[in-house]
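Structure first, then comments.
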Protein chains: 2
Amino acid sequence: MDVDTRLLRSFRAVAEEGSLTRAAQRLYLSQPALTKQIRQLEERLGARLFQRSKHGMAPTAAGEALAAALPSVLDAWDAARRAVRGAEAEASRVLRVGFLASAANEKTQPIIARFRECRPDWRIELRQASWGDPAAGLVSGEVDAAFMRLPFPRQDEFASLALLTEPRCVAMAAGHPLARRESLRFEELLDEPFIAAPGAAGAFRDHWVAADARGGRPVKVGAVAEHPDDWLTAIANGDGIALAPASAARYYARPDIAYREVEGVAPSTVALVWPKAVPPSGPLSDLIAAAAALAD
Amino acid sequence: MDVDTRLLRSFRAVAEEGSLTRAAQRLYLSQPALTKQIRQLEERLGARLFQRSKHGMAPTAAGEALAAALPSVLDAWDAARRAVRGAEAEASRVLRVGFLASAANEKTQPIIARFRECRPDWRIELRQASWGDPAAGLVSGEVDAAFMRLPFPRQDEFASLALLTEPRCVAMAAGHPLARRESLRFEELLDEPFIAAPGAAGAFRDHWVAADARGGRPVKVGAVAEHPDDWLTAIANGDGIALAPASAARYYARPDIAYREVEGVAPSTVALVWPKAVPPSGPLSDLIAAAAALAD
DNA sequence: AGTATCGATAACCTGACGTTATGGATGTCG
DNA sequence: CGACATCCATAACGTCAGGTTATCGATACT
């Protein structure tokens, strides 16, 4: 009987959450979709994996057996995937590095240049990811490392080297009434509609609407943006405002957008990030050294 | 990046065969379907896994890396699946045994009765499989053991205990001209249309059209049958004839079907079969002992 | 009784993935 | 050199798998 690792991850989420509804939220699926997945897994395995009740889903003995055996399967696949990626990188002499928006700002090019001095016959392929994947291809294994803004989903599975920290500011349409001010406090922005990242971005999305500074009040989402382009457009159109790193005023300057200082929100850190499961060696180690030499 | 083990098995088949076309045949898929699968795997892994040429598919370094890592993944999943099945059997006190057609003939019930004496609080659930799955649920892991006719696909992965051997006869419509004879030679049947098992049955299908006794001549297929019912109907309707175990004359007697002796084809063996990867213990071991006591 | 929460089911829609048919490239043979 | 064979890739098409929203039944709580 074949299985998709996606089904196994769904099973694991249900087993950990003890609830279909909560697991579905965590997986960014609807509850019926997850119900079907679990039923499908049960039917194909020929075993009832959960005892259903009003209180949720309690694993059966068979369910416990699967939960116990699951790490071996997922880790084996993860290792296989990394082995493929490693062989491909060696064969092509390309290190793939994911990034969002402006990567590591002005440090990006010097880091790459430094790496190139160290490894003249290698090259770095930069891959931009959408905000729907704030881990910039690291979780999926498409890239070897990434320039990322903290926090991002599943951060505990990765090692990171902080490169720079910068304050956050607020971006709004140039004609917005608050744009007449040089500096704002975050409480003044609580009722404004915000441009948010997609739901699947999880903690990353929460961070960029400063959910932790809202005292439990839900954010009003004016629009959802996946890329800098649509984000800029939505802001300029007045669909909402957004928190942004201070560097955005340099990298994304436009006459129809005003960037203003804001107090009451934590600064933003950019880090070079790589999987903990991959002890750095060879080219990856060199990239990390290059970045460390230029870190704040 | 998630993956379905089915894709991994497809990859393995291509890597082993070194040819998409031959691997597609082995997997009972069309070649374009398999092309798509491999392309999908390559795209999602972000690596070219094969070098394509007129001569076939040669694995790249990345492809070799995946081939090397693959057994760990598939074995881990196999172990997980068996752990689930084992926990389920223990919890429900049910041993699942697959079978085709008449199982182990008259020995079936005595074996089960003997097992019950040994394990009074256990029970055996018999599951009939179609001829599209001549391994009767063993390969897919749906059952713990099976009464099977040799040969069956992937037989080398299983241990077997031969229970009985019986000659094969030929079944045909009662009004067939050859039915007037008591005994026939297989060469006399070479031009007759045969009722065959589905293509996915592989070696099992070949065995029951006696491909090995045809000297390379292809069999003419009059109809395909998946179950004894449609097989009997097709024979009675004159769509074709078929080889059958001698016991079929007892278990599947009908006034419109004649069973006749045939020389020149090997006899048929029924065995109790279980996975080599599962050293028999507990209830499975008891079932094997019960069957051994009644074997020829 | 009203409300909240849980998982299950129904209806619906989209896209994934299979098939057959065909094509391009290369090699072999008469 | 032309005909044929063989390989993998691509196109067109059809089916159904798997997602969604809406709703339901069961239970618990106030």
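Reminder, nothing fancy here: chain letters follow the sequence lines and each chain counts from 1.
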| note | A:E42 atom CD is separated from C:dA8 atom C1', nearest whole Å, by 12 Å
| task | Give, for atom CG of A:L45 and atom CZ of B:R85, the distance between the pair rounded to the nearest 0.5 Å. | result | 10.5 Å
| message | Nearest to the A:L29 side chain among D:dG19, C:dT26, C:dG7, which nucleotide is it? | response | D:dG19
| said: If you only use heavy atoms from C-beta on, which nucleotide in D:dC8, D:dT10, C:dG27 is closest to the side chain of B:K54? | reply: C:dG27
| query | To the nearest Å, how far apart are A:I38 CD1 and C:dT9 P? | reply | 14 Å
| Parallel under 30°, tilted from 30 to 60°, perpendicular over 60°: which one fits the rings of B:W131 and B:W231? | perpendicular
| query | What residues, two or more places apart in sequence or in another chain, satisfy ring-ring contact (aromatic ring centres under 6.0 Å, His included) together with B:W274? | reply | none
Detail all sub-3.5 Å separations between protein N/O atoms and N/O atoms belonging to nucleotides 16-18 of chain D.
from   : atom 1 : to    : atom 2 : distance (Å)
D:dG18 : OP2    : A:Q40 : NE2    : 2.8

| field | C:dT9 OP1/OP2 closer than 4.0 Å to side-chain N/O of A:R39 | value | yes
| field | Whole-Å gap separating C1' (D:dC7) and CG (B:L34) | value | 13 Å
| query | In whole angstroms, how far is the P atom of C:dG7 from the CG atom of A:L49? | reply | 15 Å
| message | Out of the candidates B:D239, B:I241, B:T233, B:L232, only one should pair with B:I195 under the side chain to side chain contact (heavy atoms under 4.5 Å, CB included) rule; please name it. | response | B:D239
| task | Mind checking A:T21 for me? I need base, sugar-phosphate or nothing, with any heavy atom below 4.0 Å counting as a touch. | result | sugar-phosphate
| query | What is the distance, rounded to the nearest whole Å, between atom CD of A:Q51 and atom C1' of C:dC6? | reply | 15 Å
| task | Measure from NZ or CZ of B:R214 to the centre of the six-membered ring of B:F194 and say whether it is under 6.0 Å with the direction within 45° of the ring axis. | result | yes
| message | Starting the side chain at C-beta, find the nucleotide from D:dT27, D:dA9, C:dA8 nearest to B:Q31. | response | D:dA9
| Does a nitrogen or oxygen in the side chain of A:T35 sit under 4.0 Å from OP1 or OP2 of C:dT9? | no
| query | How close or far is atom C1' of C:dA16 from atom CD of B:E43, stated in whole angstroms? | reply | 13 Å
| note | Contacts satisfying ring pair (Phe, Tyr, Trp, His ring centres under 6.0 Å) that involve residues 70-89 of chain A (not counting sequence neighbours) are none
| Closer to the 5' end of DNA chain D via nearest nucleotide, is it A:P32 or A:H55? | A:P32
| said: Check the phosphate of D:dA9 against B:R52, side-chain N and O only, distance under 4.0 Å to OP1 or OP2. Yes or no? | reply: yes
| A:Q128 atom CD: more than 12 heavy-atom contacts under 6.0 Å | yes
| query | How many Å lie between CD on B:Q25 and P on D:dC8, as a whole number? | reply | 10 Å
| said: Looking only at the side chain of A:S30 (C-beta and beyond, no hydrogens), which of the listed nucleotides C:dG7, D:dT20, C:dT20 gets closest? | reply: D:dT20
| field | Rounded interatomic separation in angstrom, taking CD from A:E17 and P from C:dT5 | value | 16 Å
